[in-house]
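Chain letters run A, B, ... following the sequence lines, proteins first, then strands; residues in each count from 1. For the numbers below, each heavy atom of this structure counts, side chains included, while hydrogens, waters and symmetry mates do not.
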Amino acid sequence: MDDLITRLNDQEQQRYQKMVRLRERGINPYPLRTARTHTARAALDAFARGEAVTGAAFAGRLVALRDMGKLTFAHLQDGTAKIQLLVRKDVVGAEQYALLMKDIDLGDFIGVTGDLVRTRTGEITIQVATFELLAKTLSPLPEKWHGLKDTETRYRQRYLDLLANETAREIFIKRAQIVQAMRKFLDGQDFLEVETPVLQPLYGGAAAEPFVTHHNKLDRDMYLRIADELYLKRLLVGGYERVYEISKDFRNEGIDIKHNPEFTMMECYQAYGDYTTMMDLVEGLYGACALAAHGTLQITYQGHALDLTPPWRRVTMRDLILETSGVDIYTATDLPALLRRIAELNLKVERHPTWGKLVDELFSTFAEPTLIQPTFVTNHPTEISPFAKKTLENPNVVERFEAFAANMELGNAFTELNDPLDQYARFVEQQTQRQAGDKEAHQIDLDFIEAMMHGMPPTGGLGVGVDRMVMLLTDQASIREVILFPQLRS
RNA sequence: GGGUCGGUAGCUCAAUUGGCAGAGCAACAGCCUUUUAAGCUGUGGGUUCAGGGUUCGAUUCCCUGCCGACUCACCA
(Lines give C-alpha, C1' and ligand atoms only; values in the text may rest on other atoms or scores of the structure.)
Protein backbone atom coordinates (compact mmCIF):
# COMPACT_ATOMS: atom_id res chain seq x y z
CA MET A 1 0.00 0.00 0.00
CA ASP A 2 2.86 2.37 0.79
CA ASP A 3 4.11 2.14 -2.76
CA LEU A 4 0.68 3.19 -4.04
CA ILE A 5 0.66 6.23 -1.75
CA THR A 6 4.13 7.33 -2.81
CA ARG A 7 3.00 7.22 -6.42
CA LEU A 8 0.21 9.74 -5.80
CA ASN A 9 0.59 13.17 -7.39
CA ASP A 10 0.41 16.32 -5.27
CA GLN A 11 -3.37 16.72 -5.45
CA GLU A 12 -3.90 13.06 -4.62
CA GLN A 13 -1.49 13.36 -1.69
CA GLN A 14 -3.53 16.27 -0.33
CA ARG A 15 -6.74 14.30 -0.62
CA TYR A 16 -5.08 11.32 1.05
CA GLN A 17 -3.99 13.55 3.95
CA LYS A 18 -7.57 14.77 4.31
CA MET A 19 -8.74 11.19 4.48
CA VAL A 20 -6.20 10.45 7.21
CA ARG A 21 -7.40 13.53 9.17
CA LEU A 22 -11.01 12.38 8.85
CA ARG A 23 -10.17 8.94 10.22
CA GLU A 24 -8.28 10.55 13.12
CA ARG A 25 -11.46 12.42 14.01
CA GLY A 26 -13.45 9.19 13.96
CA ILE A 27 -15.11 9.82 10.60
CA ASN A 28 -15.19 6.80 8.33
CA PRO A 29 -14.46 8.09 4.81
CA TYR A 30 -16.12 4.96 3.39
CA PRO A 31 -19.21 4.29 5.54
CA LEU A 32 -21.22 1.13 4.96
CA ARG A 33 -24.70 2.51 4.50
CA THR A 34 -26.58 5.38 2.89
CA ALA A 35 -29.98 6.70 3.93
CA ARG A 36 -31.60 8.20 0.86
CA THR A 37 -35.23 9.21 0.52
CA HIS A 38 -35.20 11.13 -2.76
CA THR A 39 -33.36 11.19 -6.03
CA ALA A 40 -32.54 14.64 -7.37
CA ARG A 41 -34.93 14.17 -10.28
CA ALA A 42 -37.84 13.02 -8.11
CA ALA A 43 -37.37 15.92 -5.69
CA LEU A 44 -37.00 18.54 -8.43
CA ASP A 45 -40.12 17.27 -10.19
CA ALA A 46 -42.16 17.14 -6.99
CA PHE A 47 -41.14 20.66 -6.01
CA ALA A 48 -41.86 21.96 -9.51
CA ARG A 49 -45.37 20.48 -9.19
CA GLY A 50 -45.83 22.59 -6.08
CA GLU A 51 -45.28 19.88 -3.48
CA ALA A 52 -43.25 20.75 -0.41
CA VAL A 53 -40.11 18.63 -0.06
CA THR A 54 -38.86 18.75 3.51
CA GLY A 55 -36.53 16.60 5.57
CA ALA A 56 -35.44 14.79 2.42
CA ALA A 57 -32.19 12.81 2.18
CA PHE A 58 -30.08 12.84 -0.97
CA ALA A 59 -26.89 11.11 -2.03
CA GLY A 60 -24.51 11.85 -4.87
CA ARG A 61 -21.24 13.27 -6.03
CA LEU A 62 -20.15 16.80 -5.20
CA VAL A 63 -19.46 18.40 -8.59
CA ALA A 64 -19.23 22.15 -7.88
CA LEU A 65 -18.38 24.28 -4.86
CA ARG A 66 -18.79 28.06 -4.57
CA ASP A 67 -17.60 29.22 -1.19
CA MET A 68 -19.03 32.64 -0.25
CA GLY A 69 -17.59 32.78 3.26
CA LYS A 70 -20.38 32.04 5.69
CA LEU A 71 -22.45 30.21 3.10
CA THR A 72 -21.57 27.94 0.23
CA PHE A 73 -23.36 26.94 -2.93
CA ALA A 74 -22.62 23.52 -4.34
CA HIS A 75 -24.01 21.07 -6.82
CA LEU A 76 -24.76 17.45 -6.11
CA GLN A 77 -24.95 15.05 -9.05
CA ASP A 78 -26.74 11.74 -8.62
CA GLY A 79 -27.74 9.18 -11.21
CA THR A 80 -30.81 11.16 -12.19
CA ALA A 81 -29.95 14.86 -12.16
CA LYS A 82 -27.83 17.65 -10.74
CA ILE A 83 -29.25 19.69 -7.87
CA GLN A 84 -27.92 22.79 -6.10
CA LEU A 85 -27.05 22.77 -2.41
CA LEU A 86 -27.10 25.80 -0.13
CA VAL A 87 -25.00 25.23 2.98
CA ARG A 88 -25.14 27.93 5.65
CA LYS A 89 -22.60 28.05 8.42
CA ASP A 90 -25.24 29.25 10.93
CA VAL A 91 -27.48 26.27 10.07
CA VAL A 92 -25.02 23.36 9.96
CA GLY A 93 -22.70 24.75 12.66
CA ALA A 94 -19.12 25.94 12.52
CA GLU A 95 -17.59 22.50 12.97
CA GLN A 96 -19.54 20.84 10.17
CA TYR A 97 -19.01 23.84 7.94
CA ALA A 98 -15.27 23.65 8.47
CA LEU A 99 -15.38 19.94 7.58
CA LEU A 100 -16.95 20.80 4.24
CA MET A 101 -14.44 23.52 3.53
CA LYS A 102 -11.32 21.68 4.65
CA ASP A 103 -11.71 17.98 4.14
CA ILE A 104 -14.38 17.40 1.52
CA ASP A 105 -13.32 17.76 -2.10
CA LEU A 106 -14.95 18.02 -5.47
CA GLY A 107 -15.76 14.50 -6.60
CA ASP A 108 -16.44 13.12 -3.13
CA PHE A 109 -19.73 11.31 -2.59
CA ILE A 110 -21.79 12.96 0.13
CA GLY A 111 -25.21 12.54 1.64
CA VAL A 112 -27.27 15.60 2.61
CA THR A 113 -30.59 16.23 4.29
CA GLY A 114 -32.69 19.34 4.06
CA ASP A 115 -35.66 21.16 2.59
CA LEU A 116 -36.15 22.29 -0.98
CA VAL A 117 -36.32 26.05 -1.49
CA ARG A 118 -35.93 28.48 -4.34
CA THR A 119 -32.96 30.84 -4.35
CA ARG A 120 -33.18 34.46 -5.43
CA THR A 121 -32.35 33.44 -8.97
CA GLY A 122 -35.17 30.88 -8.87
CA GLU A 123 -33.12 27.69 -8.84
CA ILE A 124 -34.63 24.83 -6.89
CA THR A 125 -32.11 24.16 -4.16
CA ILE A 126 -31.61 21.91 -1.16
CA GLN A 127 -31.18 24.08 1.95
CA VAL A 128 -28.84 21.71 3.73
CA ALA A 129 -29.52 20.78 7.36
CA THR A 130 -26.91 18.03 7.69
CA PHE A 131 -24.34 16.41 5.46
CA GLU A 132 -21.95 13.49 5.68
CA LEU A 133 -19.19 11.99 3.63
CA LEU A 134 -20.24 8.81 1.81
CA ALA A 135 -17.05 8.04 -0.12
CA LYS A 136 -13.76 9.91 -0.35
CA THR A 137 -12.27 10.48 -3.78
CA LEU A 138 -8.48 10.38 -4.02
CA SER A 139 -8.01 11.45 -7.63
CA PRO A 140 -9.31 14.77 -8.95
CA LEU A 141 -11.95 14.58 -11.67
CA PRO A 142 -11.64 16.19 -15.11
CA GLU A 143 -12.13 19.94 -15.28
CA LYS A 144 -15.72 21.11 -15.16
CA TRP A 145 -15.83 23.53 -18.06
CA HIS A 146 -13.69 22.05 -20.83
CA GLY A 147 -14.47 18.52 -19.74
CA LEU A 148 -12.40 15.58 -20.93
CA LYS A 149 -11.32 15.66 -24.56
CA ASP A 150 -8.31 13.39 -24.80
CA THR A 151 -9.67 10.47 -26.80
CA GLU A 152 -7.28 7.95 -25.35
CA THR A 153 -8.33 8.79 -21.79
CA ARG A 154 -11.98 8.92 -22.82
CA TYR A 155 -11.86 5.33 -24.12
CA ARG A 156 -9.40 3.80 -21.68
CA GLN A 157 -10.99 5.42 -18.62
CA ARG A 158 -14.56 5.54 -19.85
CA TYR A 159 -15.83 6.32 -16.33
CA LEU A 160 -14.20 9.73 -16.62
CA ASP A 161 -15.82 10.31 -20.01
CA LEU A 162 -19.21 9.40 -18.58
CA LEU A 163 -18.67 11.77 -15.66
CA ALA A 164 -17.39 14.67 -17.70
CA ASN A 165 -19.31 14.45 -20.95
CA GLU A 166 -23.09 14.54 -20.92
CA THR A 167 -23.37 13.32 -24.51
CA ALA A 168 -21.33 10.20 -23.76
CA ARG A 169 -23.64 9.35 -20.87
CA GLU A 170 -26.69 9.86 -23.09
CA ILE A 171 -25.38 7.65 -25.89
CA PHE A 172 -25.20 4.59 -23.66
CA ILE A 173 -28.62 5.25 -22.21
CA LYS A 174 -29.95 5.37 -25.77
CA ARG A 175 -28.07 2.22 -26.59
CA ALA A 176 -29.87 0.44 -23.74
CA GLN A 177 -33.22 1.80 -24.93
CA ILE A 178 -32.53 0.66 -28.47
CA VAL A 179 -31.60 -2.88 -27.44
CA GLN A 180 -34.63 -3.00 -25.16
CA ALA A 181 -36.87 -1.91 -28.06
CA MET A 182 -35.27 -4.56 -30.25
CA ARG A 183 -36.07 -7.31 -27.75
CA LYS A 184 -39.58 -6.02 -27.25
CA PHE A 185 -40.19 -5.92 -30.99
CA LEU A 186 -38.90 -9.45 -31.58
CA ASP A 187 -40.65 -10.88 -28.52
CA GLY A 188 -43.83 -9.24 -29.80
CA GLN A 189 -43.44 -11.14 -33.06
CA ASP A 190 -43.16 -14.43 -31.15
CA PHE A 191 -39.43 -14.84 -31.59
CA LEU A 192 -37.76 -16.92 -28.88
CA GLU A 193 -34.56 -15.48 -27.44
CA VAL A 194 -31.87 -18.16 -27.21
CA GLU A 195 -28.18 -18.49 -26.40
CA THR A 196 -25.71 -20.44 -28.51
CA PRO A 197 -22.00 -21.15 -28.02
CA VAL A 198 -19.44 -18.38 -28.15
CA LEU A 199 -16.67 -20.96 -27.87
CA GLN A 200 -16.84 -23.19 -30.93
CA PRO A 201 -14.89 -26.15 -32.34
CA LEU A 202 -15.47 -24.83 -35.88
CA TYR A 203 -16.34 -21.29 -36.84
CA GLY A 204 -18.68 -20.24 -39.61
CA GLY A 205 -21.66 -18.28 -40.77
CA ALA A 206 -19.65 -15.35 -42.09
CA ALA A 207 -16.51 -14.69 -44.09
CA ALA A 208 -14.02 -13.63 -41.45
CA GLU A 209 -10.89 -14.70 -39.64
CA PRO A 210 -11.56 -15.93 -36.12
CA PHE A 211 -9.79 -15.53 -32.81
CA VAL A 212 -8.22 -18.82 -31.83
CA THR A 213 -8.03 -20.01 -28.25
CA HIS A 214 -7.18 -23.26 -26.54
CA HIS A 215 -9.01 -25.61 -24.22
CA ASN A 216 -6.40 -27.05 -21.87
CA LYS A 217 -8.15 -30.18 -20.58
CA LEU A 218 -9.44 -31.15 -24.01
CA ASP A 219 -6.10 -30.06 -25.47
CA ARG A 220 -7.63 -28.63 -28.59
CA ASP A 221 -7.96 -25.26 -30.24
CA MET A 222 -11.32 -23.52 -30.11
CA TYR A 223 -12.63 -20.45 -31.91
CA LEU A 224 -14.58 -17.44 -30.71
CA ARG A 225 -17.65 -17.24 -32.88
CA ILE A 226 -17.75 -15.00 -35.94
CA ALA A 227 -21.53 -15.43 -36.36
CA ASP A 228 -24.49 -17.18 -34.73
CA GLU A 229 -25.97 -18.49 -37.97
CA LEU A 230 -25.08 -22.16 -37.96
CA TYR A 231 -26.27 -22.84 -34.41
CA LEU A 232 -29.49 -20.87 -34.75
CA LYS A 233 -30.40 -22.85 -37.86
CA ARG A 234 -29.92 -26.10 -35.94
CA LEU A 235 -32.67 -24.83 -33.66
CA LEU A 236 -35.04 -24.58 -36.62
CA VAL A 237 -34.26 -28.21 -37.38
CA GLY A 238 -35.22 -28.78 -33.74
CA GLY A 239 -38.66 -27.32 -34.28
CA TYR A 240 -38.53 -23.75 -33.02
CA GLU A 241 -40.07 -21.60 -35.73
CA ARG A 242 -38.73 -18.21 -34.68
CA VAL A 243 -35.49 -17.68 -32.76
CA TYR A 244 -33.16 -14.77 -32.17
CA GLU A 245 -29.97 -14.03 -30.33
CA ILE A 246 -28.35 -10.72 -29.41
CA SER A 247 -24.72 -11.41 -28.68
CA LYS A 248 -21.08 -10.59 -29.15
CA ASP A 249 -19.33 -11.84 -32.26
CA PHE A 250 -15.57 -11.69 -32.71
CA ARG A 251 -13.64 -11.10 -35.90
CA ASN A 252 -9.88 -11.03 -36.12
CA GLU A 253 -9.63 -8.10 -38.51
CA GLY A 254 -8.49 -4.52 -38.70
CA ILE A 255 -9.83 -1.93 -36.29
CA ASP A 256 -11.26 1.24 -37.75
CA ILE A 257 -14.02 3.79 -37.39
CA LYS A 258 -16.71 1.20 -38.22
CA HIS A 259 -15.13 -2.03 -36.96
CA ASN A 260 -14.38 -3.28 -33.46
CA PRO A 261 -12.97 -6.81 -33.03
CA GLU A 262 -15.85 -7.69 -30.73
CA PHE A 263 -19.22 -6.32 -31.68
CA THR A 264 -22.86 -6.98 -31.00
CA MET A 265 -24.99 -8.78 -33.52
CA MET A 266 -28.68 -9.58 -33.58
CA GLU A 267 -29.50 -12.63 -35.68
CA CYS A 268 -32.99 -14.01 -36.14
CA TYR A 269 -34.52 -16.82 -38.15
CA GLN A 270 -38.16 -17.23 -39.14
CA ALA A 271 -39.49 -20.53 -40.49
CA TYR A 272 -41.71 -20.28 -43.56
CA GLY A 273 -40.36 -16.81 -44.29
CA ASP A 274 -37.95 -15.68 -46.99
CA TYR A 275 -35.77 -12.66 -47.67
CA THR A 276 -38.74 -10.42 -48.40
CA THR A 277 -40.18 -11.34 -44.99
CA MET A 278 -36.87 -10.21 -43.55
CA MET A 279 -37.10 -6.87 -45.36
CA ASP A 280 -40.41 -6.18 -43.64
CA LEU A 281 -38.82 -7.26 -40.39
CA VAL A 282 -35.84 -4.90 -40.81
CA GLU A 283 -38.16 -1.98 -41.55
CA GLY A 284 -40.26 -2.79 -38.51
CA LEU A 285 -37.26 -3.35 -36.28
CA TYR A 286 -35.46 -0.15 -37.29
CA GLY A 287 -38.72 1.75 -36.93
CA ALA A 288 -39.32 0.44 -33.42
CA CYS A 289 -35.77 1.21 -32.33
CA ALA A 290 -35.77 4.68 -33.90
CA LEU A 291 -39.02 5.49 -32.14
CA ALA A 292 -37.55 4.31 -28.84
CA ALA A 293 -34.47 6.46 -29.27
CA HIS A 294 -35.94 9.48 -31.06
CA GLY A 295 -39.72 9.31 -31.18
CA THR A 296 -39.59 9.74 -34.96
CA LEU A 297 -38.49 7.99 -38.14
CA GLN A 298 -36.88 11.14 -39.51
CA ILE A 299 -33.30 11.15 -38.33
CA THR A 300 -30.12 13.02 -39.08
CA TYR A 301 -26.90 11.12 -39.52
CA GLN A 302 -23.64 13.03 -40.05
CA GLY A 303 -25.44 15.79 -41.90
CA HIS A 304 -27.70 13.51 -43.94
CA ALA A 305 -31.46 13.66 -43.38
CA LEU A 306 -32.62 10.04 -43.41
CA ASP A 307 -36.19 8.82 -43.61
CA LEU A 308 -36.70 5.36 -42.13
CA THR A 309 -40.37 5.21 -43.13
CA PRO A 310 -41.18 1.95 -44.96
CA PRO A 311 -41.03 0.78 -47.62
CA TRP A 312 -37.31 1.28 -48.16
CA ARG A 313 -35.93 1.31 -51.68
CA ARG A 314 -35.37 -2.18 -53.06
CA VAL A 315 -32.87 -2.58 -55.87
CA THR A 316 -30.89 -5.49 -57.23
CA MET A 317 -27.13 -5.47 -57.02
CA ARG A 318 -27.08 -5.88 -60.81
CA ASP A 319 -29.18 -2.78 -61.45
CA LEU A 320 -27.22 -0.71 -58.94
CA ILE A 321 -23.85 -1.73 -60.39
CA LEU A 322 -25.11 -1.11 -63.91
CA GLU A 323 -26.44 2.29 -62.90
CA THR A 324 -23.24 3.43 -61.13
CA SER A 325 -20.45 1.76 -63.14
CA GLY A 326 -22.00 0.86 -66.51
CA VAL A 327 -21.05 -2.79 -66.06
CA ASP A 328 -23.81 -5.34 -66.54
CA ILE A 329 -22.93 -8.37 -64.44
CA TYR A 330 -25.73 -10.31 -66.13
CA THR A 331 -23.93 -9.86 -69.45
CA ALA A 332 -20.42 -10.50 -68.15
CA THR A 333 -21.49 -13.76 -66.56
CA ASP A 334 -18.15 -15.48 -66.15
CA LEU A 335 -14.80 -14.56 -64.64
CA PRO A 336 -12.86 -13.84 -67.88
CA ALA A 337 -15.66 -11.63 -69.24
CA LEU A 338 -15.94 -9.68 -66.01
CA LEU A 339 -12.16 -9.35 -65.73
CA ARG A 340 -12.10 -7.75 -69.19
CA ARG A 341 -14.78 -5.25 -68.22
CA ILE A 342 -12.96 -4.44 -64.99
CA ALA A 343 -9.66 -3.96 -66.79
CA GLU A 344 -11.40 -1.26 -68.85
CA LEU A 345 -12.26 0.53 -65.60
CA ASN A 346 -8.69 0.37 -64.26
CA LEU A 347 -9.95 -1.28 -61.10
CA LYS A 348 -7.50 -3.19 -58.94
CA VAL A 349 -8.11 -6.94 -58.84
CA GLU A 350 -7.39 -9.06 -55.81
CA ARG A 351 -5.13 -12.07 -55.87
CA HIS A 352 -7.71 -14.85 -55.94
CA PRO A 353 -10.57 -13.36 -57.93
CA THR A 354 -13.84 -15.14 -58.54
CA TRP A 355 -16.77 -13.73 -60.45
CA GLY A 356 -18.62 -13.19 -57.19
CA LYS A 357 -15.77 -11.38 -55.48
CA LEU A 358 -15.35 -9.06 -58.44
CA VAL A 359 -19.05 -8.25 -58.40
CA ASP A 360 -18.70 -7.44 -54.73
CA GLU A 361 -15.69 -5.25 -55.56
CA LEU A 362 -17.64 -3.39 -58.23
CA PHE A 363 -20.45 -2.90 -55.77
CA SER A 364 -18.20 -1.56 -53.00
CA THR A 365 -16.37 0.79 -55.32
CA PHE A 366 -19.21 2.23 -57.38
CA ALA A 367 -22.55 1.51 -55.78
CA GLU A 368 -22.05 1.57 -52.03
CA PRO A 369 -20.89 5.22 -51.85
CA THR A 370 -24.20 6.28 -53.43
CA LEU A 371 -26.40 4.64 -50.79
CA ILE A 372 -27.55 7.38 -48.42
CA GLN A 373 -31.26 6.72 -47.88
CA PRO A 374 -32.26 3.31 -46.45
CA THR A 375 -31.93 0.77 -49.24
CA PHE A 376 -32.19 -2.99 -49.64
CA VAL A 377 -29.61 -4.21 -52.13
CA THR A 378 -30.66 -7.65 -53.33
CA ASN A 379 -29.53 -10.72 -55.26
CA HIS A 380 -25.84 -11.11 -54.44
CA PRO A 381 -23.50 -13.53 -56.23
CA THR A 382 -23.95 -17.14 -55.16
CA GLU A 383 -20.18 -17.50 -54.78
CA ILE A 384 -20.04 -15.05 -51.89
CA SER A 385 -23.30 -16.27 -50.31
CA PRO A 386 -22.85 -19.91 -49.30
CA PHE A 387 -25.92 -20.04 -47.05
CA ALA A 388 -28.54 -18.51 -49.35
CA LYS A 389 -30.87 -20.07 -51.90
CA LYS A 390 -30.24 -19.35 -55.58
CA THR A 391 -32.88 -17.34 -57.36
CA LEU A 392 -35.15 -19.25 -59.73
CA GLU A 393 -34.21 -17.03 -62.67
CA ASN A 394 -30.42 -16.99 -62.27
CA PRO A 395 -28.34 -19.57 -60.38
CA ASN A 396 -25.40 -17.13 -60.27
CA VAL A 397 -27.19 -15.00 -57.70
CA VAL A 398 -29.11 -15.72 -54.51
CA GLU A 399 -32.12 -14.43 -52.62
CA ARG A 400 -30.22 -12.15 -50.30
CA PHE A 401 -30.18 -8.52 -49.30
CA GLU A 402 -27.94 -6.14 -47.48
CA ALA A 403 -29.55 -3.07 -45.97
CA PHE A 404 -27.64 0.18 -46.30
CA ALA A 405 -28.06 3.74 -45.08
CA ALA A 406 -25.58 6.60 -44.95
CA ASN A 407 -23.02 4.39 -46.76
CA MET A 408 -23.11 1.94 -43.90
CA GLU A 409 -24.15 -1.70 -43.99
CA LEU A 410 -26.92 -2.18 -41.47
CA GLY A 411 -28.05 -5.74 -42.02
CA ASN A 412 -27.76 -8.87 -44.07
CA ALA A 413 -30.44 -11.47 -44.81
CA PHE A 414 -31.17 -14.50 -46.95
CA THR A 415 -33.77 -16.90 -48.01
CA GLU A 416 -31.85 -19.57 -46.12
CA LEU A 417 -30.44 -22.54 -47.97
CA ASN A 418 -32.04 -25.71 -46.57
CA ASP A 419 -30.97 -28.23 -49.20
CA PRO A 420 -28.24 -30.31 -47.50
CA LEU A 421 -26.69 -31.45 -50.77
CA ASP A 422 -26.50 -27.94 -52.21
CA GLN A 423 -25.14 -26.78 -48.83
CA TYR A 424 -22.45 -29.45 -48.99
CA ALA A 425 -21.55 -28.39 -52.52
CA ARG A 426 -21.25 -24.76 -51.34
CA PHE A 427 -18.92 -25.83 -48.53
CA VAL A 428 -16.78 -27.75 -51.01
CA GLU A 429 -16.59 -24.64 -53.18
CA GLN A 430 -15.55 -22.63 -50.11
CA GLN A 431 -12.90 -25.22 -49.39
CA THR A 432 -11.53 -24.66 -52.88
CA GLN A 433 -11.34 -20.94 -52.18
CA ARG A 434 -9.63 -21.69 -48.91
CA GLN A 435 -7.01 -23.85 -50.56
CA ALA A 436 -6.48 -21.04 -53.06
CA GLY A 437 -5.44 -18.84 -50.14
CA ASP A 438 -8.67 -17.21 -48.99
CA LYS A 439 -8.33 -17.39 -45.20
CA GLU A 440 -11.87 -16.22 -44.73
CA ALA A 441 -13.50 -18.96 -46.77
CA HIS A 442 -15.57 -21.47 -44.79
CA GLN A 443 -14.40 -24.74 -43.43
CA ILE A 444 -16.67 -27.71 -44.17
CA ASP A 445 -19.01 -28.16 -41.22
CA LEU A 446 -20.23 -31.75 -41.46
CA ASP A 447 -22.09 -31.49 -38.18
CA PHE A 448 -24.15 -28.68 -39.66
CA ILE A 449 -24.78 -30.69 -42.82
CA GLU A 450 -25.97 -33.58 -40.69
CA ALA A 451 -28.44 -31.29 -38.94
CA MET A 452 -29.73 -30.05 -42.27
CA MET A 453 -30.14 -33.62 -43.51
CA HIS A 454 -32.74 -34.06 -40.77
CA GLY A 455 -34.78 -31.31 -42.40
CA MET A 456 -34.86 -27.56 -41.97
CA PRO A 457 -38.03 -25.68 -42.92
CA PRO A 458 -37.93 -22.95 -45.56
CA THR A 459 -36.60 -20.01 -43.59
CA GLY A 460 -35.80 -16.33 -43.76
CA GLY A 461 -32.75 -15.28 -41.74
CA LEU A 462 -31.41 -11.88 -40.76
CA GLY A 463 -28.37 -10.34 -39.09
CA VAL A 464 -28.35 -6.76 -37.85
CA GLY A 465 -25.29 -5.02 -36.47
CA VAL A 466 -26.41 -3.53 -33.19
CA ASP A 467 -23.44 -1.17 -32.86
CA ARG A 468 -24.11 0.16 -36.36
CA MET A 469 -27.74 0.69 -35.48
CA VAL A 470 -26.76 2.63 -32.36
CA MET A 471 -24.29 4.71 -34.40
CA LEU A 472 -27.04 5.58 -36.86
CA LEU A 473 -29.63 6.39 -34.21
CA THR A 474 -27.25 8.47 -32.06
CA ASP A 475 -25.53 10.22 -34.98
CA GLN A 476 -22.06 8.93 -34.13
CA ALA A 477 -19.42 8.56 -36.84
CA SER A 478 -17.22 6.18 -34.84
CA ILE A 479 -18.14 2.76 -33.48
CA ARG A 480 -15.88 3.55 -30.50
CA GLU A 481 -18.40 6.15 -29.38
CA VAL A 482 -21.11 3.53 -28.96
CA ILE A 483 -19.03 0.78 -27.32
CA LEU A 484 -18.26 1.44 -23.65
CA PHE A 485 -14.80 -0.07 -23.71
CA PRO A 486 -13.65 -0.21 -27.34
CA GLN A 487 -10.54 -2.05 -28.40
CA LEU A 488 -7.58 0.29 -28.74
CA ARG A 489 -4.20 -0.50 -30.16
CA SER A 490 -2.74 -2.08 -27.06
C1' G B 1 0.64 -3.29 -42.22
C1' G B 2 1.45 1.87 -45.23
C1' G B 3 0.82 7.37 -45.11
C1' U B 4 -0.33 12.09 -42.49
C1' C B 5 -0.84 14.60 -37.89
C1' G B 6 -0.26 14.57 -32.73
C1' G B 7 1.55 13.32 -27.16
C1' U B 8 3.69 19.88 -22.48
C1' A B 9 0.90 20.58 -14.75
C1' G B 10 -4.86 16.60 -12.23
C1' C B 11 -8.04 18.80 -16.82
C1' U B 12 -8.17 22.26 -21.29
C1' C B 13 -4.39 24.52 -23.94
C1' A B 14 0.11 28.23 -25.02
C1' A B 15 5.49 28.64 -25.65
C1' U B 16 8.79 33.66 -31.58
C1' U B 17 14.76 31.47 -36.06
C1' G B 18 17.01 26.55 -31.09
C1' G B 19 17.67 30.76 -25.70
C1' C B 20 14.97 30.98 -17.88
C1' A B 21 8.42 25.95 -19.63
C1' G B 22 3.38 29.57 -19.08
C1' A B 23 -2.22 30.63 -18.64
C1' G B 24 -7.33 29.29 -17.16
C1' C B 25 -9.78 25.69 -14.24
C1' A B 26 -8.43 22.34 -10.22
C1' A B 27 -5.18 22.39 -5.56
C1' C B 28 -3.10 25.10 -1.18
C1' A B 29 -3.35 29.84 2.48
C1' G B 30 -6.75 33.84 3.15
C1' C B 31 -11.33 37.54 2.29
C1' C B 32 -16.54 37.39 1.20
C1' U B 33 -24.39 35.47 3.59
C1' U B 34 -27.71 34.34 -2.90
C1' U B 35 -23.82 32.08 -6.16
C1' U B 36 -24.12 29.03 -10.52
C1' A B 37 -17.60 28.78 -15.53
C1' A B 38 -18.98 33.18 -8.61
C1' G B 39 -15.35 37.15 -7.43
C1' C B 40 -10.71 39.11 -5.07
C1' U B 41 -5.35 38.55 -2.86
C1' G B 42 -1.28 35.30 -2.37
C1' U B 43 1.34 30.29 -2.98
C1' G B 44 2.85 25.56 -4.68
C1' G B 45 2.71 22.10 -8.70
C1' G B 46 6.54 19.59 -14.81
C1' U B 47 10.54 12.51 -16.37
C1' U B 48 7.66 18.55 -22.03
C1' C B 49 5.52 10.08 -23.93
C1' A B 50 10.43 7.02 -23.62
C1' G B 51 15.50 6.30 -25.32
C1' G B 52 19.46 8.03 -28.32
C1' G B 53 21.78 11.96 -31.56
C1' U B 54 23.14 17.18 -33.30
C1' U B 55 24.25 21.71 -30.44
C1' C B 56 27.38 26.10 -25.85
C1' G B 57 22.11 25.26 -25.16
C1' A B 58 16.44 20.97 -27.48
C1' U B 59 9.30 21.27 -25.76
C1' U B 60 11.39 23.01 -30.57
C1' C B 61 15.91 19.86 -35.24
C1' C B 62 17.27 14.35 -36.51
C1' C B 63 16.79 8.83 -35.49
C1' U B 64 14.38 4.66 -32.94
C1' G B 65 10.46 2.90 -29.97
C1' C B 66 5.53 3.36 -27.39
C1' C B 67 0.59 5.41 -27.60
C1' G B 68 -3.52 7.98 -30.04
C1' A B 69 -6.45 10.39 -34.13
C1' C B 70 -7.38 10.52 -39.24
C1' U B 71 -6.62 7.97 -43.77
C1' C B 72 -5.42 3.85 -47.13
C1' A B 73 -5.26 -1.38 -47.18
C1' C B 74 -8.26 -5.10 -44.89
C1' C B 75 -13.39 -5.94 -43.63
C1' A B 76 -20.49 -9.97 -45.87
Whole-angstrom distance between B:rC70 and B:rG30, as gauged at atom P: 47 Å
Presence of A:K149 side-chain N/O under 4.0 Å of B:rA69 phosphate oxygens OP1/OP2: no
A:T151 side-chain proximity, nearest of B:rA69, B:rC74, B:rA76: B:rA69
Sugar-phosphate, base or nothing in reach of A:K18, heavy atoms under 4.0 Å: sugar-phosphate
Euclidean distance for P, B:rG18 against B:rC63 (whole angstrom): 16 Å
C1'-based separation of B:rA23 from B:rU48 [nearest Å]: 16 Å
A:T415 side chain vs A:D274 backbone, donor-acceptor pair below 3.5 Å: no
Base B:rU35 paired with A:E123 side chain (donor-acceptor, <3.5 Å): no
Pairwise C1' distance, B:rU64 and B:rU54 [rounded to whole Å]: 15 Å
A:R66 vs B:rU35: side-chain N/O to OP1/OP2 distance below 4.0 Å: no
Separation of the P atoms in B:rU33 and B:rG24, to the nearest angstrom: 25 Å
N or O in side chain of A:R480 less than 4.0 angstrom from B:rA69 OP1/OP2: yes
Between the protein and nucleotides 5-10 of chain B, which nitrogen or oxygen pairs come in under 3.5 angstrom?
{"residue": "B:rG10", "atom": "N7", "partner": "A:Q11", "partner atom": "NE2", "Å": "3.3"}

Salt-bridge criterion met for A:R400 and A:D360 (N-O under 4.0 Å): no
Touch class at under 4.0 angstrom, heavy-atom based, for A:P386 against every strand present: base
B:rC75 to B:rA9 separation - C1' atoms, rounded to the nearest Å: 42 Å
Nearest listed nucleotide, side chain of A:Y155, among B:rU35, B:rA76, B:rA69: B:rA69
Sugar-phosphate only, base, or nothing, as touched by A:I257 at under 4.0 Å among non-hydrogen atoms: sugar-phosphate
Members of residues 314-322 of chain A that approach RNA chain B, where some heavy atom sits under 4.0 Å away: none
Separation of the P atoms in B:rG46 and B:rG6, to the nearest angstrom: 27 Å
Given RNA chain B, 5'-ward residue of the pair A:H75 and A:S478, judged by closest heavy atom: A:H75
Sugar-phosphate only, base, or nothing, as touched by A:G147 at under 4.0 Å among non-hydrogen atoms: sugar-phosphate
Touch class at under 4.0 angstrom, heavy-atom based, for A:A64 against every strand present: nothing
Nearest-angstrom distance, C1' atom, B:rA21 to B:rA58: 12 Å
Sugar-phosphate, base or nothing in reach of A:R15, heavy atoms under 4.0 Å: nothing
